[in-house]
*Asks:* 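Sharing a structure, written as structure tokens. Questions coming.
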Amino acid sequence: MQTGTALIYDEEMTKYKLLWVDPACKIEVPERLTVSHEALVKNGLVDRCVSVPVREATDADILLVHSEEYLEAVKKTPFMTLEDLMEFTQQYGDVYFHPNIYHCAKLAAGAALQLVDNVMTGKVRNGMALVRPPGHHSMRSAANGFCVFNNVSIAAQYAKQKHGVERVLIVDWDVHHGQGVQYCFEDDPSVLYFSWHRYEHQKFWPQLRESDYDCVGKAKGAGFNINVPWNKVGMQNTDYLSVFFHVLLPVAYEFCPDLVLVCAGFDAAIGDPEGEMCATPDIFAHLTHLLMNLADGKVCAVLEGGYNLTSLAQSVCQTFQTLLGDPTPLPVNLDGPCQSALESVHCVRSAQKPYWSCLKHAADLPTFELSTKRIKVVEEEERTEKVEEEKNTEEIVWPDPPKRVSPCVRTAVVLPDGVDCPDGCKRFTDLHPDPLLGKKLENILKDSNDSDALSTLSSLTALIEKMETNKICNGLVLVRDVSMAMMCVVQHAASLNKRALIVCVANEAIPIDLTDDGKTIMVHFSSKESEEQKGKYYIPVCLKKGCSDTSGIMQAVLGLVLPLGYQYNPDLVLLVRMPDCRISESVWQQLIGILQGLAQEHTLVLMQENEKASVTPSASTLLGNPAPRLGPLQGPQSDDVEALERLRQKLQSDWTLLQTTAPDSR
Ligand SMILES: CC(O)(O)CCCCCNCCCN
Ligand SMILES: [Zn+2]
């Protein structure tokens, strides 16, 4: 299995800066790179990465996206006087030139290409390039928004041409719209471009009509351009996650990319003078994690924006730690998305509905959008951007990101004799069995003299305690009686006062009575509609074709289990695979991989002892290896989607992160 995270950085890219007064450009300073790199050094992350050298993009590389006349013009800038540089800059918007910026722009683009080469040839699994100048605003024949060459667009074309990549997903989490990327690929169905961006109904820079949610791509590219406008500032972690769960991830899994490129701008983080958002740096740990089970884990992030040097450095470290496989921090206190974010999610899903089967049941445009859409053309005078007042982002403070310590044992296994311990795992036995365990479990144990059942259960309970004290990250346990073991885990977690999220894939009802105290939530995948109401903490997901229905499961995992799980924020995730549940191995691995974003990766996988064939693949994903791709997903069964929507309607008043439509509260 491919491992290793590339870090691409060269201090040469710090050697250009603004040489004259320009309020629009003064935030793009060399210190952006130095503070990011220094933070990586300080946190011991540079030593854990594979350092990959930069290279200059060649003319041929640059001409994959830009015109010859533009390249020739930029080539002249190193020899220009200051006056010439200022004159040359005038023709573009919100960007500046410098005698050394052409050299740095070639290095920035070349760094992205080095990253693609190393990931595509399997020298590393993933990586991030710390570069300046950024890229996503630059266009075929124009510099713009601090950008000279479109680093990520060049990387996408390069990946297709040199490595035969057929489908590239570009995720642009920078707070500005990468219009340069949109223009480059808007009629190209092989590149799916996703961007969220501060928009404020076209009042925010670059004030483009084509940045709105209804610009979905052109001709063959229709549906392969996804714009999520933020029409208010102050968006929080929950707003970002809501867009990933209900817009990006369902489409990304349906698209099934061979490669994921990230326009990793960190001006979407709190404290940034450009974004004025409130999402904290640890959110990038989750956003990164949620992309890492796509494309067999081939994720290449390239720095774009980020102008608050504190949140930038923290966000860069959070991203690298996840790329390196460190447990994600707990997603604390997520309430639901704000009204404005919900309107954006609603509008994007309805605009993209014709193009993606995962959205075929999405709601239509909200009526208020239809009515104001015509009159929403913002009057010209309204659009004059407010004068550059100094944004008082200095006094904005936020808590330091939590420490993310990897337990010394990543994956512990409890296996019957005769089943080998997979590489990288550690066989676990309970060294100090609790003599009273039989008594404590008598309500569960049918036969308290059943010694090997008792020993398995004591290993199970001891393993949970090792996870809760962070000695072990996650675990895989094979048992004879899965239901009994599940009840034992539920009871033991409750006795430790730990919240457990149980995801159970089965094909028939399961004998369990959940306490109604919210200490345990169970999502039960089955093929039968369950009549009896087992309380609001028991969530039956019915799939007509049962757990063999890949797209049905994925639809439910992304749109229901993830939002609910993130909002519930469990201490432990218990993944239970009942005998003969017929789930496909790769879907099972996706389930394990995706849910590791919760509970600091404290996932306990429980299967029957005859599932020997699944031990190695399950362990591989628990060890942090990316789950295999599922292939482009078909549409889920209509009646399953309708059942899921009914379930969502029922649950979303308690679990507000499940919402996908804005109440028509006009
Ligand atoms: C890579 C990037 O998207 O971060 C570049 C953003 C350019 C912003 C231009 N306007 C700045 C106005 C100053 N308040
Ligand atoms: Zn930006």
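Order of listing sets the numbers, starting from 1, for every ligand and every atom in it.
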*Asks:* Answer with yes or no whether Glu28 contacts ligand 1, where contact means a heavy atom under 4.0 Å from a ligand atom.
*Replies:*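 Outside the 4.0 Å threshold, so no.
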*Asks:* Answer yes or no: is there a side-chain heavy-atom contact under 4.5 Å between Asn237 and His286?
*Replies:*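 Not touching, per the 4.5 Å side-chain cut-off.
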*Asks:* What is the name of the N/O/S atom of Asp267 that is nearest to the Zn ion (ligand 2)?
*Replies:*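 Output for this pair reads OD2.
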*Asks:* May I ask you to check if any N/O/S atom from Glu304 comes under 2.8 Å of the Zn ion (ligand 2)?
*Replies:*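 Checking the Zn ion (ligand 2) against Glu304, no N, O or S atom falls under 2.8 Å.
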*Asks:* Would you mind listing which atoms of ligand 1 come within a distance below 4.0 Å of any non-hydrogen atom of Tyr307?
*Replies:*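 Counting from 1, the qualifying ligand atoms are 1 (C), 2 (C), 4 (O), 5 (C), 6 (C).
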*Asks:* At a 4.0 Å threshold, what atoms of ligand 1 neighbour a non-hydrogen atom of Gly305?
*Replies:*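 Those atoms are 1 (C), 4 (O).
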*Asks:* Give the atoms of ligand 1, by number and element, whose distance to some non-hydrogen atom of Pro134 is under 4.0 Å.
*Replies:*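 Counting from 1, the qualifying ligand atoms are 1 (C).
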*Asks:* I need the atoms of ligand 1 closer than 4.0 Å to a non-hydrogen atom of His136, numbered in the order shown.
*Replies:*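 This gives 1 (C), 2 (C), 3 (O) as the contact atoms.
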*Asks:* Check whether the side chains of Tyr158 and Asp117 place a donor and an acceptor atom closer than 3.5 Å, and report yes or no.
*Replies:*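 A donor-acceptor contact under 3.5 Å links the two side chains.
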*Asks:* Just heavy atoms, cut-off under 4.0 Å: does Asp267 contact ligand 1 by side chain, backbone, both, or neither?
*Replies:*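 Side chain only; the backbone of Asp267 stays clear of ligand 1.
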*Asks:* Would you check the N or O atoms of Asp94, main chain and side chain alike, for any that come under 3.5 Å of an N or O of ligand 1?
*Replies:*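 Yes: some nitrogen or oxygen of Asp94 is under 3.5 Å from one in ligand 1.
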*Asks:* Do you see a donor-acceptor pair shorter than 3.5 Å between the side chains of His103 and Glu56?
*Replies:*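 Yes - a donor-acceptor pair under 3.5 Å links their side chains.
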*Asks:* Do you know which two heavy atoms are closest between Trp173 and Ala264, and how far apart they sit?
*Replies:*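 For Trp173 versus Ala264, the nearest heavy atoms are NE1-CA, 3.5 Å.
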*Asks:* With a 4.0 Å cut-off on heavy atoms, is Gly265 in contact with ligand 1?
*Replies:*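 Flag not set, Gly265 not near ligand 1.
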*Asks:* Where on Glu274 is there a heavy atom closer than 4.0 Å to ligand 1, on the side chain, on the backbone, on both, or on neither?
*Replies:*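 It is the side chain that gets close, since no backbone atom is under 4.0 Å.
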*Asks:* Where the Zn ion (ligand 2) is the corner point, what angle links OD2 of Asp174 with ND1 of His176, to 10°?
*Replies:*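 Computed angle, vertex at the Zn ion (ligand 2), rounded to 10 degrees: 160°.
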*Asks:* How about Lys15: does its NZ atom have over 12 heavy atoms from other parts shown lying under 6.0 Å from it?
*Replies:*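 Count over threshold, so yes.
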*Asks:* Are the side chain of His246 and the backbone of Leu657 linked by a donor-acceptor contact shorter than 3.5 Å?
*Replies:*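 Yes, the answer is positive, given that a donor and an acceptor are paired below the 3.5 Å cut-off.
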*Asks:* Measure from NZ or CZ of Arg132 to the centre of the six-membered ring of Tyr16, then state whether that distance is under 6.0 Å and the direction lies within 45° of the axis.
*Replies:*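 So Arg132 does make the cation-pi contact.
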*Asks:* Around atom NZ of Lys160, are there more than 12 heavy atoms of other residues, nucleotides or ligands at under 6.0 Å?
*Replies:*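 For Lys160, atom NZ is crowded (more than 12 foreign heavy atoms under 6.0 Å).
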